[in-house]
Structure formats: C-alpha cells, structure tokens
2 protein chains.
Amino acid sequence: MAKRKVKKADTRSRQRMSAEDRKEQIVAAAIRLFSEHGFESSTHDLAKSLGVTQPAIYRHFPTKDDLVNAVYERVFLSEWRSSWDLILADRNVNIEDRLSAFYTEYTRRIFETDWSRIYLFSGLKRLQINRWYVALVEERVLGRIGAELRIAFGYPSAEEVPLTAEEIEALWLFHGGIFYYGVRDRVYGITPKVDSATAVELLARVVVGGMRTVLERIKFPAMAG
Amino acid sequence: MAKRKVKKADTRSRQRMSAEDRKEQIVAAAIRLFSEHGFESSTHDLAKSLGVTQPAIYRHFPTKDDLVNAVYERVFLSEWRSSWDLILADRNVNIEDRLSAFYTEYTRRIFETDWSRIYLFSGLKRLQINRWYVALVEERVLGRIGAELRIAFGYPSAEEVPLTAEEIEALWLFHGGIFYYGVRDRVYGITPKVDSATAVELLARVVVGGMRTVLERIKFPAMAG
DNA sequence: AAATATAGTTATTGTTTGATAACTTAGTTC
DNA sequence: GAACTAAGTTATCAAACAATAACTATATTT
C-alpha cells in the first residue's frame, strides 16, 4: 500500500485489484473524503486519494449517486449490535450502570468522526435514511430505556401503560445531549473539557435523576393513591 | 416584487435598487438558499431567485467568499438579547420557571430553520465562528444557569467555588438535547411528537431533576457534614 | 438639460465537475 | 502459450461554476 506510490509513473507494473476489493476500497476512501468535505467532494479528488485515475471509479460505480448510496448503506446499515439490547435488558444490574454501559458501547459507534459527520451531512439533505434511523433509535433505544425506567422506578410497565410522548421526548433530550457531545468534538472540532467516559457517566446520572422527575408528574391510571 | 417578473424581457423599465438595499436583499436570499442547499449553492441560482443576472451579485460582493462571510455575520452576530440574561437572573422566580422562560425565548432563535441549518453547515467546516459561538453559550448560558442552580439548591455560589467541568458538561447535555430537538425538526425534517413548548417544559423539568443528582455527588469543600 | 455616477446587463473566460469512448495490459482459462 | 476477460489508462466532452470585461440605461448632481 505504501510501495505503490513509488512506482508512480510506471503503469506497466501497477498491481490490479479484484473488483470486489477495489469497490470496498473506494467506498472506504469515499467515507473518509465525504465525512470531511461533504458529498459534493469530487470523484477526481477521490481517485487521487486512491492513486488511480478518475474513470476507474466509474468502472465500479455507474454514477456518483450510486457511490454515495453505497456510502450511506455502509455507514447506516452497519448491523445493530444485539449485545446493546442485552445490556439494557439485564435487570440484575441497576439502571444507572446499565445506561452507562449501553452508552459506552453505543457512543463508540456514533462518536466515530466519520459516522457523526456523515450522519449530519446526510441529515441536512432530509434523506429518508435519516428518518429511518431516527425511528430505529426511538424504538430500539429510547423505547427500551423508557420501559426499563418504568420497571426500575416501580411504575406500570410499558406493556400495561404505553410510554407517553413526553417520556419519549424527555429521553430524546438526553440522547440528543450525548449525541451533541460528539458533535462538538468530532463535527465542530471543539474538544470538550471532560472525556467521553465521564460524559457518559454524567448522562446515566442525569437520565436517572431527570426521568424520575418526569415520571413523578405523569398520572398513571392504575396506581393506588 | 411580484410585478418585475412580468416585464422580464423589457430591461428598459427595470427598477434599480440602492446598493445598500440590494446588498441586504442578496444576503437575505443567500441565507435562504444556503440554509437549504449549503454554501456550495451557486451564485447563478442565487441570482435567479432574486430576478437579477449572476454578475449583478459581483457588483456588491467581490467574491463568493465575501458573500458567505456576510451570511455568517448576519446569522451569528445577530445581537445577544440582554433580556435573556435578565430572565435567568430573576431570583423572585423559581429556577424551573426561569429555565422554561429562558429556553422559550432562546429556542425562538435557534429553532429558526435558517439558523440551525446554517449553524450545522458552517459547523461541519470547523470554522472559527462556531468555536466562538460555543464559547459564548458556555459563558453566557451554561455558566449563568450553573450559577443559579447552585444558589437555588443551597450550594456554595459559583464565586466561592467555581463551576466544575462536570457541572458545565452536564448542562451541555441538556442544552445539546434541546438543540437536537430543533435539529430533528428543522434539519432532518422529522416533526417530533410533542411541540416545542412542551419540549422546553420537559427540559426545564429534567434540568432541575438531573442537576440535583449531579450536584449531590460533588464534594464541596466548605460544606458542613 | 447636460454631465456624472453607478446598478445592472450581455458576453465570455478558465476551471472544475460527472461522465463516456476507445485503448492497454494484467490476470485467468482452456 | 494463445485466447479471453476485465481492471485500469488516456483523451475528451458538455454542463456548471466563479469571476471579469465591456457595455447600457437609470438615477442623481450640477
């Protein structure tokens, strides 16, 4: 990988890659480039970063749009780790520690520089894929956390009394809060004063403290007194 | 404004604007265009939206970059309302209501579609202006709120014991949370299930509940017990 | 009403961009 | 080892872009 650049002018001895490998490599380089300069980055620059000519990209992707879509898929459709669900569901652990453990894992993904920047670049286009992702978070993260908090605090379960819009929205405040920690760091390039582990601990703490206050003010029909 | 388009071909009767007015008009149109499609929007499209030719813009702005900077200034340097400071400082009102009132006013600005989208577009460029704005928020919003919470909860004042990095970061979680409410709505185009007034009320509630928990765990040197 | 200043136009330029066509050569198949 | 496949190149294109030059016509000044 480092050696190729040396034999720059001598195209005769250039290594050729399998279509599959090259395609992967192009997507990976595109993610790096797009996350830094947006999806308007030129295919010429992309090719340069790979040490190939610009038409070479068009052998693997019919249009630039196809490449962009491949980037979306690679970034957003990277599989949802089922271990994340398990962390939240483990009632042997207290809820604050579960939240801390979950967000430690989850932020490992969303705090990746590439991930958060690509997410915002695409979000600004109001794409369907962002709507889909937001719905996913609401269902698999916030819905789960909301349900566990109900149990932890001794309120009716989410099966008995579905989570209210206020509960979900309050959970969005916290979720958005930790996401925005990553935005300040990775997107704006402003290093926060506390490291991400501390931020996650703080998050777990304020979720518990804050949601207790939210739940106190909800009138649950089936409750005594 | 509506009439001009009719006499399209007849340049003889076109109204001319003063340089000052036209400059204002161009900036206003640029904010609309850039907030929707980013700063890479073409000067041709901008001119079209104004019903003038593209070189006309270059009479008022030497380069596109100068226009972009004019947009930054207009969006970010819109004056800081001193009434915002007063709302937070009024100790005759309980802290939750103050927070609610403050964020009602503050979100009126940051939830403007133009504002939040331009903010993110420029943030993705890691511009100095975003660093400056983040520092402003930290000082004039979070610093103030943190200080008032200390008083409200009976802890040592921020003058006696400066706010800790954890306190500021916890306040960032909430602030980022409400900002992200606006992002979901205005940037991604996904309408949240509760309106912004409710979101602000929830915010005030969880700030009070959450920060109480955060402050409980801080060891204040001068405290008895 | 002539002279001056200037907002806006038409026409054009040099670059950058996504994309295509025709060719070359590295690797594989028989 | 000849024939074939396909990864990659060179050369080129048309459209879109920021920017400039030269001109036109509308105000304002005198």
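Throughout, a chain's letter reflects where its sequence line sits, starting with A, and its residues are numbered from 1. Owing to the predicted nature of the structure, the values given are computational and were not obtained by experimental measurement.
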Over how many whole Å does the gap from [X] atom [atom1] to [N] atom [atom2] extend?
| X | N | atom1 | atom2 | value |
| --- | --- | --- | --- | --- |
| A:Gln25 | D:dA7 | CD | P | 14 Å |
| B:Lys48 | C:dT9 | NZ | C1' | 17 Å |
| B:Asp45 | D:dA18 | CG | C1' | 13 Å |
| B:Phe61 | D:dA18 | CZ | P | 15 Å |
| B:Lys23 | C:dG8 | NZ | P | 13 Å |
| B:Glu40 | C:dT17 | CD | P | 11 Å |
| A:His37 | C:dT16 | NE2 | P | 15 Å |
| A:Ile26 | C:dG18 | CD1 | P | 14 Å |

Do A:Arg98 and A:Asp90 meet the salt-bridge criterion of a basic N to acidic O distance under 4.0 Å?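 No, no charged N to carboxylate O under 4.0 Å.
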
- Query: Should the pair B:Lys23-B:Glu20 be classified as a salt bridge under the 4.0 Å nitrogen-to-oxygen rule?
  - Reply: no

Side-chain N or O of [X] less than 4.0 angstrom from OP1 or OP2 on [N]?
| X | N | answer |
| --- | --- | --- |
| B:His44 | D:dA16 | no |
| A:His60 | D:dA6 | no |
| B:Arg16 | C:dT6 | no |
| B:Thr53 | C:dT9 | yes |
| B:Thr43 | D:dA18 | yes |

- prompt: Does atom NZ of A:Lys125 have more than 12 heavy-atom neighbours from other groups under 6.0 Å away?
  reply: yes

So, with a heavy-atom separation below 4.0 Å from DNA chain D, the residues of residues 62-74 of chain A are none

Query - NZ or CZ of B:Arg184 within 45° of A:Trp172 ring axis and under 6.0 Å - result: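 Yes, B:Arg184 and A:Trp172 form such a contact.
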
Across all chains, not counting sequence neighbours, the side-chain hydrogen bond (donor to acceptor under 3.5 Å, both in side chains) partners of B:Tyr133 are B:Tyr106

Counting side-chain heavy atoms from C-beta on, which of [options] comes nearest to [X]?
| X | options | answer |
| --- | --- | --- |
| A:Ala56 | D:dG8, C:dT9, C:dA19 | D:dG8 |
| B:Tyr58 | D:dA18, C:dG18, D:dA27 | D:dA18 |
| A:Gln54 | C:dA7, C:dG18, D:dT9 | C:dG18 |
| A:Ser42 | D:dA7, D:dA27, C:dT17 | C:dT17 |
| A:Pro55 | C:dT6, C:dA21, D:dG8 | C:dA21 |

Under a 3.5 Å distance rule, please check whether B:Arg22 uses its side chain to pair with a backbone N or O of B:Met17 as donor and acceptor.
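Judged by distance alone, no pair lies under 3.5 Å.
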
message: Main chain of A:Glu36, side chain of A:Arg117: is a donor-acceptor contact present, judged purely on distance under 3.5 Å?
response: yes

### Task
Would you sort out whether B:Val75 and B:Asp114 count as a side-chain contact (heavy atoms from CB on, under 4.5 Å), showing the intermediate values?
CA-CA 8 Å; B:Val75 171; B:Asp114 290 347; over 6 Å; no

- Polar pair under 3.5 Å, donor/acceptor by atom type, side chain A:Arg59, base D:dG8: yes

